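Computed from a predicted structure; not experimentally measured. One-based numbering along the sequence shown. Counting starts at 1 for both ligands and their atoms, following the listed order.
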Amino acid sequence: MIRTIYWEDGAVVLIDQKALPLVERTITCRRYEEVIEAINDLTIRGAPAIGVAAALGIALGAQGITATAQDDFAAAFHAICEGFARTRPTARNLFWAIEGMKQCFEEAREAPETIRKRLLDRAIRICEEDVAINRRLGLNGRSLIADGAAILTHCNAGALATAGYGTALGVIRAAWEEGKKIRVFVDETRPVLQGARLTAWELMKEGIPATLITDGMAGYLMKNGRIDLVIVGADRIATNGDTANKIGTYSLAVLARHHGIPFYIAAPVSTIDPGIQSGDDIPIEERNADEVITLGGVRIAPVGIAVYNPAFDVTPHDLISALITETGVLMPPYGQAIAALFRKR
Ligand code: MRU
């Protein structure tokens, strides 16, 4: 199994996703600032993986706090949390993980050694549980994929976007493991090509039949009856079901509706933001222009051209056929389904 991120010998180890698929290597972060840098520069990316990286990174930072007075220790801990909170604004799992670590800190107000140990235990648990959650999510969603189906996916919502197994790719993996003959069409996903570099790599490693297409080809394939369903991940879901995901997802949802093709979101409950009622309120990260004016490090646009680079868009809930989570498959109306889910918890 692909292990995207883990704790080993007092350090955070993660697969270097910037180097994939040409080079397979891990990098070892011994300082929490290196984990922050890895999140910022997309060495590790994908909302659940970012959450896990923040949890492990905060635990790593806490191991290095030398203050012994309770207030000084607390100030240093919160400064570390702030550093992580400034990285990727759209990824709900980032803030969910930081909240979890802060809660753990509050519960563990004891001697520094105890706090450090508790924080590390909690972070490792967040990492391990992420894989288990994705497996459950995969089992819940696999019946939505018929034997012989052609599936379109966008970006990378696979093992690499999580601690392991994946969300959208987790559902696809579960269908494949069940013996279904499927084919996955992979959007390359400009500007930084998570589809071409990461999803294509993961599917090939697993032996799942995959075909790479450029983003603009999706409509043509749908029109020609080549796609049976679309399944993607999520970076943040509002309580009415509106879903932020990699830029280009909204266009796919509109195309899918036009062609009468089901459009599914697969995400853990930790991606649903109980504090945001509608997609209009989801913060959308804007990234550096270099991502757009270069391809593989080579400039492809004229010097001086204006660039706009929103990293995510929001798909309105009425274009989503179902939300696949580890607790079950949520159907519209999502407002009610999500409220019931949080009530149960
Ligand atoms: O900018 P990225 O690569 O972090 O964006 C990732 C995505 O949009 C994924 O589709 C999303 O996080 C779901 S991952 C399980």
What pairs with Arg25 under side-chain hydrogen bond (donor to acceptor under 3.5 Å, both in side chains), at least two apart in sequence or on another chain?
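So Arg25 forms a side-chain hydrogen bond (donor to acceptor under 3.5 Å, both in side chains) with Asp16.
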Under a 4.5 Å cut-off applied to non-hydrogen side-chain atoms, are Ile65 and Ile80 in contact?
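Ile65 reaches Ile80 side chain to side chain.
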Are Arg88 and Leu42 close enough that some pair of their side-chain heavy atoms sits under 4.5 Å apart?
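Counting from C-beta outward, Arg88 and Leu42 do come under 4.5 Å.
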Applying ring pair (Phe, Tyr, Trp, His ring centres under 6.0 Å), can you list everything that pairs with Phe95, at least two apart in sequence or on another chain?
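Not a single residue meets the ring pair (Phe, Tyr, Trp, His ring centres under 6.0 Å) criterion with Phe95.
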Could you go through residues 311-321 and list every donor-acceptor pair under 3.5 Å that involves a side-chain atom there, pairing it with any protein atom two or more places apart or in another chain?
from   : atom 1 : to     : atom 2 : distance (Å)
Asp313 : OD1    : Tyr250 : N      : 3.2
Asp313 : OD2    : Gly248 : N      : 2.7
Asp313 : OD2    : Thr249 : N      : 3.4
Asp313 : OD2    : Tyr250 : N      : 3.3
Ser321 : OG     : Phe263 : N      : 2.9
Ser321 : OG     : Phe263 : O      : 3.4

Check step by step if side chain to side chain donor-acceptor pair (under 3.5 Å) holds for Asn240 and Ser278.
CA-CA 6 Å; Asn240 69 349; Ser278 128; 4.6 Å; no
Shell of residues surrounding ligand 1, defined by a 4.0 angstrom heavy-atom cut-off that is strict:
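Near ligand 1, by chain and number: Arg45, Gly46, Ala47, Pro48, Arg88, Cys155, Asn156, Ala157, Ala161, Thr167, Gln194, Gly233, Ala234, Asp235, Asn245, Lys246, Phe312.
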